[in-house]
Amino acid sequence: MSLTRVSFAKVNLFLYVTGKRNDGYHELYSLMAQINLWDEVELSFEGSGIRVACDHPDVPGGETNLAYRAAELFCNAYGEKKGALPLDGVFIQIKKQIPVGGGLGGGSSNAASVLMALNEYCSGIFSQDELMALGLRLGADVPFFIFGMPALATGVGETLEKYDDLPKFHLVLCDPGVSASTSDVFKNLKFRLTSRRNYNMNTRLNALVGGQGGDSREKLHNDLEVSACSLYPKIASVKEEMEFLLERNVYMSGSGSTLFALFTGPEDARKAYGLLAKKWSKGSKKIFLTSLKR
Ligand code: ATP
């Protein structure tokens, strides 16, 4: 028996860093949405133990893959609850399309897909909240992919509030050909707000950004851009060139390196995609035409 899951990427339409916790994690205020760009994750229930293979050269197979860790965590949690193993063996195969180290949450999405597929295989033994709590142990973005809807994320990303009425924006993405390290980008962040209380910060940001609703295009922002651009100058140069060519603002998703421009109409997005794809047909940059997932 096998289960195949489409594992979507996300973008952070805005991302503010609001605080730093004593354990070193940063607190965020972010509007996150899944996009129509995905990996394929197939689980075959066969053999014994957990095995993972991925077709991307920069993604490890085996125990260090987030999909492996998700399966292991699920089996342990199942064992604690039921006193038995949920399965003899599972072979997880990942076909990658989401840029790796691109701030699009590819690894987290794969992990969430594995947790949800295994939960379905086990007749929904865990509630969605329990599954999100398990996911958080693997990474701050994992709960969002289990939540499955556009959301305002606070805390380290685990407190999610459904964001209503996000228009079906179209996006042109550019993977500049740099894999950005999330931990390096956070470490390099010049953080000036540590003395302020997060609650006040979130309230102030809500007022500034407008919380729910309003024109989402006016809210685009990423506090991590300066840090990522100083560590990886190519992100800065591609952003500048993209803004020049498309005559509009371009933003970075998450901790980088993927850049995106937002469009209300599919035709404008298609034109912009065509322009960049032609201009950058050779070289390490990759262009994607996509849209927000409903
Ligand atoms: P994050 O912000 O969560 O780091 P990202 O989108 O910037 O996410 P990913 O594509 O998730 O980055 O990959 C980050 C690192 O995780 C890479 O070094 C990659 O080798 C490793 N990794 C482990 N498992 C996976 C997986 N299933 N898919 C992608 N990367 C994975």
Side-chain angles (χ1 to χ4, degrees), residues 4-13 15 17 24-26 28 30 32-35 37-43 50-74 90-118 135-146 153 155-158 173-189 222-225 227-229 231-232 234-235 251-260 286 288 290:
T4 302
R5 287 289 171 271
V6 172
S7 188
F8 290 97
K10 57 85 181 164
V11 288
N12 300 84
L13 291 167
L15 189 161
V17 182
Y25 280 97
H26 286 84
L28 307 175
S30 182
M32 302 172 78
Q34 292 188 65
I35 57 173
L37 170 68
W38 60 83
D39 296 338
E40 215 177 273
V41 178
E42 185 182 358
L43 292 85
I50 302 163
R51 288 178 300 142
V52 175
C54 180
D55 65 356
H56 194 290
D58 299 335
V59 178
E63 293 179 15
T64 49
N65 195 296
L66 266 180
Y68 183 103
R69 294 181 45 216
E72 188 177 49
L73 186 65
F74 184 93
V90 59
F91 179 37
I92 303 168
Q93 288 168 282
I94 304 167
K95 286 190 192 142
K96 274 270 154 204
Q97 234 188 299
I98 304 173
V100 175
L104 301 177
S108 304
S109 176
N110 296 168
S113 294
V114 168
L115 289 176
M116 289 188 287
L118 288 177
L136 184 61
R137 288 159 64 180
L138 299 166
D141 288 343
V142 180
F144 164 73
F145 288 106
I146 298 171
V156 296
E158 83 289 8
L173 303 183
C174 175
D175 164 12
V178 183
S179 178
S181 154
T182 303
S183 80
D184 289 351
V185 169
F186 273 102
K187 270 186 220 144
N188 189 45
L189 186 66
N222 190 337
D223 268 349
L224 298 175
E225 263 188 37
S227 168
C229 287
L231 281 178
Y232 308 99
K234 194 166 176 204
I235 300 178
Y251 299 87
M252 191 182 83
S253 180
S255 54
S257 56
T258 303
L259 298 159
F260 67 89
K286 282 205 191 89
F288 301 87
T290 182

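In listed order, ligands and their atoms are each counted from 1. Hydrogens, waters and symmetry mates are skipped; everything else that's a heavy atom, side chains included, is used. In this chain, numbering begins with 1 at the start of the sequence shown.
Residue Ala67 has no N or O atom closer than 3.5 Å to an N or O atom of ligand 1. Among the atoms of Gly105, some N or O lies under 3.5 angstrom from an N or O of ligand 1. The N/O atoms of Thr64, backbone and side chain alike, include none that comes under 3.5 Å of an N/O atom in ligand 1. Considering backbone and side-chain N/O atoms, Val59 never comes within less than 3.5 Å of an N/O atom of ligand 1. Ligand 1 has no N or O atom lying under 3.5 Å from any N or O atom of Ile94, backbone or side chain. For a threshold of 3.5 Å applied to N or O pairs, the pair formed by Ala180 and ligand 1 contains no separation below that value. When only interatomic distances are considered, the shortest N/O to N/O separation between Gly101 and ligand 1 falls below 3.5 Å.
Remark: ligand 1 atoms within the under-4.0 Å shell around heavy atoms of Gly106 are 6 (O), 11 (O). Ligand 1 places these atoms under 4.0 Å from at least one heavy atom of Asn110: 26 (C), 27 (N), 28 (N).
Across Ile146 and Ala112, no two heavy atoms sit closer than the pair CG1-CB, 3.8 Å. Looking at every heavy atom in both residues, Pro143 comes nearest to Ala140 through CD-O, 3.4 Å.
A distance-only check finds no donor-acceptor pair linking the side chain of Asn222 to the backbone of Tyr251 [under 3.5 Å]. Without hydrogens or angle criteria, Glu225 side chain to Met252 main chain gives a donor-acceptor distance under 3.5 Å.
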- Message: The test is side chain to side chain contact (heavy atoms under 4.5 Å, CB included); show your working for Leu104 and Asp175 and say whether it passes.
- Response: CA-CA 10 Å; Leu104 301 177; Asp175 164 12; over 6 Å; no
- Query: Which is it for Lys10 and Asp141 under the side chain to side chain contact (heavy atoms under 4.5 Å, CB included) test, yes or no, and what are the steps along the way?
  - Reply: CA-CA 9 Å; Lys10 57 85 181 164; Asp141 288 343; 3.6 Å; yes
- Query: Checking side chain to side chain contact (heavy atoms under 4.5 Å, CB included) for the pair Phe145/Ser108: CA distance, chi angles, key distance, verdict?
  - Reply: CA-CA 8 Å; Phe145 288 106; Ser108 304; 3.9 Å; yes
- Candidate pair Phe144 and Gln34, rule side chain to side chain contact (heavy atoms under 4.5 Å, CB included), full reasoning: CA-CA 9 Å; Phe144 164 73; Gln34 292 188 65; 3.7 Å; yes
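A donor atom on one side chain and an acceptor atom on the other are not found under 3.5 Å apart for Ser253 and Thr258.
Within 6.0 Å of CD on Glu63 lie no more than 12 heavy atoms contributed by other residues, nucleotides or ligands.
Of the inter-residue distances, the one linking Asn110 atom CG with Asp39 atom CG reads 4.5 Å to the nearest 0.5 angstrom.
Nearest residue to atom 21 (C) of ligand 1 from Pro60, Ser7, Gly107, Gly62 is Pro60 (criterion: closest heavy atom). When Gly103, Gly139, Ser253 are ranked by how near their heavy atoms come to atom 7 (O) of ligand 1, first place goes to Gly103.
Atom 27 (N) of ligand 1 has its closest protein heavy atom at Asn65 OD1, 2.9 Å. Of the protein's heavy atoms, Asp58 O, 3.1 Å lies nearest to atom 20 (O) of ligand 1. From the protein, the heavy atom lying nearest to atom 3 (O) of ligand 1 is Ser108 OG, 3.7 Å. Among all non-hydrogen protein atoms, the one lying nearest atom 15 (C) of ligand 1 is Val100 CG1, 4.9 Å. Among all non-hydrogen protein atoms, the one lying nearest atom 28 (N) of ligand 1 is Lys96 NZ, 3.0 Å. Here the heavy atom of the protein found nearest to atom 2 (O) of ligand 1 is Thr182 OG1, 3.0 Å. The protein heavy atom nearest to atom 23 (C) of ligand 1 is Leu66 N, 3.7 Å.
Between Trp38 and Phe8, the two ring planes are perpendicular [angle over 60°; tilted spans 30° to 60°].
Within a 4.0 Å radius of atom 18 (O) of ligand 1, the protein contributes no heavy atom.
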